[in-house]
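In the text below, chain A, chain B and the rest are named by the order of the sequence lines, each starting its count at 1.
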Protein chains: 2
Amino acid sequence: MAIFSKTCEYGIRAVFFIAHKTANGNRIGIKEIANGISSPEPFLAKILQDLSRKGIIQSFKGPHGGFYLDESSLSRPLSDIVEAVDGDSLFKDCGLGLKACSEINPCPLHNQFKEIRNNIYKMLNSTTIGAFNNELLTGIFSLKK
Amino acid sequence: MAIFSKTCEYGIRAVFFIAHKTANGNRIGIKEIANGISSPEPFLAKILQDLSRKGIIQSFKGPHGGFYLDESSLSRPLSDIVEAVDGDSLFKDCGLGLKACSEINPCPLHNQFKEIRNNIYKMLNSTTIGAFNNELLTGIFSLKK
DNA sequence: AGATAAAAAGGTATTAATATCATTTTAAAT
DNA sequence: ATTTAAAATGATATTAATACCTTTTTATCT
C-alpha cells in the first residue's frame, strides 16, 4: 500500500504543477496538466473539479479558461489537499484499524503510530503548495512518471 | 486512507492475538481469533492461510489443530508481516506515486518522504510479534473493535 | 447572435480490495 | 475403519477505487 490514494497522488502533483505554471498569472488547461504530471486526463479532470469546488484551487470556464491558484491558495499547506481528497484518517485513525483505540484503550502500537502520524502531519502541514515553484522552474524536481 | 490495507490490519491484530494466546504452547482456532480481534471470520481465514504458507505463522490441521507461533516466529519484526501482506511499497515507493522518482530525479517531497518511510520502517522493524504478550495478558492493550 | 473553447456535471466501465461460501484435505479420537 | 474437528483450497459476491465518456454550462471572440 502507498501512503496516499492514486486520487491524492495525482491531486498533489497536479496542484504543484498548476502552482508552478501559473505563477505568472496565467491559467492552464486540463490537457497540459495531465500531460505534465503523467496522469489519465478524464480522471484528473474529476479530481481537479473536486478540488476547485472545495476551494483548494481556482478555475475559470470558457475560452482562455483553465485552472490557476490565487495568492492564498499558494500558501496553503499540503495537508489541506490530503484532507480534501483522502480525509483526515491518515492523521487521526488507529494504525491497526480499531475504532475504539484511544489513550485510555490503546492498541499495542498506539504510541508508535501517534508519533508517525504526527511526523506525517507536521511535514504536510509545514509545506506549502507554492514551496517548490523555483525548483520546478529550474527542473530540479520532477512531477512526471 | 489508512497506512495499511484492511488485510494487513487484520493480519497484524491476528498475529498479536495468536502470539498472546499460544504463548503456553497451545493452538487457537480461527473462530476464537476472529472473535478476539473483531474481524470477519472467512476473510481472516484467507489471510491466516496466506501468512501460514509464507511461514509468518504456523498452523496444524485436524482436531485440536489451529494456529500458533514457534519461537523464531515470535521474534520476527512486524515489518515481516507488512511485507508479506502489503508488500514493501510503504517502505520504498515514492510518496507521490512516481516510478522514476530517485535521488537523481527526485519528486518535490523526496527527502521528506524518505524520512517518513524510514521512521515507519524503523518502528516496524524494531518491534517484534511477541513484544506485547505481557501487556495483552494484563489487558493493558486492546485488539478488539 | 453564433461559433468556439474551456471546465462542470453526470453516467458508465473496469479493476482491485474486501468479504463470503462450499468443498477438500488432514489428523486425531473413538 | 469411521467420525469428527480443524485448516486449506477454490469459487463466487460485493464494494470501493480507478478510469473513461458524453453532455451541459459558461465565457470569449468574431
Can you give me the N/O atom pairs linking the protein to nucleotides 24-26 of chain C at distances under 3.5 Å, or say none if there are none?
unit_1, atom_1, unit_2, atom_2, d
C:dT26, O2, B:Gly62, N, 3.4

Taking only the side-chain nitrogens and oxygens of [X], find out if one of them lies under 4.0 Å from OP1 or OP2 of [N].
X       : N      : result
B:Thr7  : C:dT18 : yes
B:His64 : C:dA29 : yes
B:Tyr10 : C:dA19 : yes

Inset, instruction - Just do the side-chain contact (heavy atoms from CB on, under 4.5 Å) check on B:Phe4 and B:Val85 with the steps written out, would you? - result: CA-CA 9 Å; B:Phe4 302 132; B:Val85 176; over 6 Å; no
Inset, instruction - Give the C-alpha distance, both sets of side-chain angles, the deciding distance and a yes or no for side-chain contact (heavy atoms from CB on, under 4.5 Å) between A:Ile3 and A:Ile120. - result: CA-CA 10 Å; A:Ile3 291 258; A:Ile120 295 175; 4.3 Å; yes
Legend entry - Length of the CD-C1' vector between B:Glu9 and C:dA19, whole Å: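 Distance, rounded to whole Å: 15 Å.
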Inset, instruction - Run through the side-chain heavy atoms of Ile, Leu, Val, Met, Phe, Trp and Tyr, join any pair under 4.5 Å, and report what else lands in B:Met1's cluster. - result: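 In the cluster with B:Met1 are A:Met1.
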Inset, instruction - Hydrophobic side-chain clustering at under 4.5 Å (ILVMFWY, transitive links): who's grouped with A:Phe60? Put none if nobody. - result: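 Same cluster as A:Phe60: A:Tyr68.
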Legend entry - First of A:Lys6 and A:Arg27 reached from the 5' end of DNA chain D, by closest nucleotide: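 First, find each residue's nearest nucleotide; the 5'-ward one identifies A:Lys6.
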Legend entry - Non-neighbouring partners of B:Ser102 that pass side-chain contact (heavy atoms from CB on, under 4.5 Å), sequence neighbours left out: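 side-chain contact (heavy atoms from CB on, under 4.5 Å) list for B:Ser102, sorted by chain: B:Ile104, B:Asn105.
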Legend entry - Test side-chain contact (heavy atoms from CB on, under 4.5 Å) applied to B:Met123 - qualifying residues, sequence neighbours left out: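 side-chain contact (heavy atoms from CB on, under 4.5 Å) list for B:Met123, sorted by chain: A:Leu109, A:Gln112, A:Phe113, A:Ile116, B:Thr127.
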Legend entry - Touch class at under 4.0 angstrom, heavy-atom based, for A:Arg53 against every strand present: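 The answer is sugar-phosphate, as A:Arg53 gets under 4.0 Å only of primed atoms, P, OP1 or OP2.
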Enumerate the residue pairs fulfilling salt bridge (Lys or Arg N to Asp or Glu O under 4.0 Å) with a member in [range], sequence neighbours excluded, ordered by first and then second residue.
range                       : value
residues 3-25 of chain B    : B:Lys6-B:Glu9
residues 119-145 of chain B : none
residues 58-77 of chain B   : B:Arg76-B:Asp80

Legend entry - Over 12 non-hydrogen atoms of neighbours within 6.0 angstrom of CD in B:Glu41: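 Counting neighbours around CD of B:Glu41, more than 12 heavy atoms of other residues, nucleotides or ligands fall under 6.0 Å, so yes.
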Inset, instruction - Check whether more than 12 heavy atoms from other residues, nucleotides or ligands sit under 6.0 Å from atom CZ of A:Phe91, and answer yes or no. - result: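 Counting other residues, nucleotides and ligands, CZ of A:Phe91 exceeds 12 neighbours.
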Inset, instruction - Give the first and the last nucleotide of DNA chain D, reading 5' to 3', that has any atom under 4.0 Å from a heavy atom of chain B. - result: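 Contact span on the strand: D:dT4 to D:dA11.
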Inset, instruction - Mind running a 4.0 Å heavy-atom check of residues 14-24 of chain A against DNA chain C and sending the residues that fall below it, in number order? - result: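 Residues of residues 14-24 of chain A that come under 4.0 Å of DNA chain C do not exist, since none gets that close.
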Legend entry - Residue-level proximity of residues 29-52 of chain A to DNA chain D when a heavy atom falls under 4.0 Å: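 Here the set is A:Pro40, A:Pro42, A:Phe43, A:Lys46.
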Inset, instruction - State plainly whether the residues A:Asp50 and A:Lys54 are in salt-bridge range, i.e. N to O under 4.0 Å. - result: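 A:Lys54 and A:Asp50: salt-bridged.
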For residues 29-37 of chain A, which side-chain donor-acceptor pairs fall under 3.5 Å, sequence neighbours excluded?
none

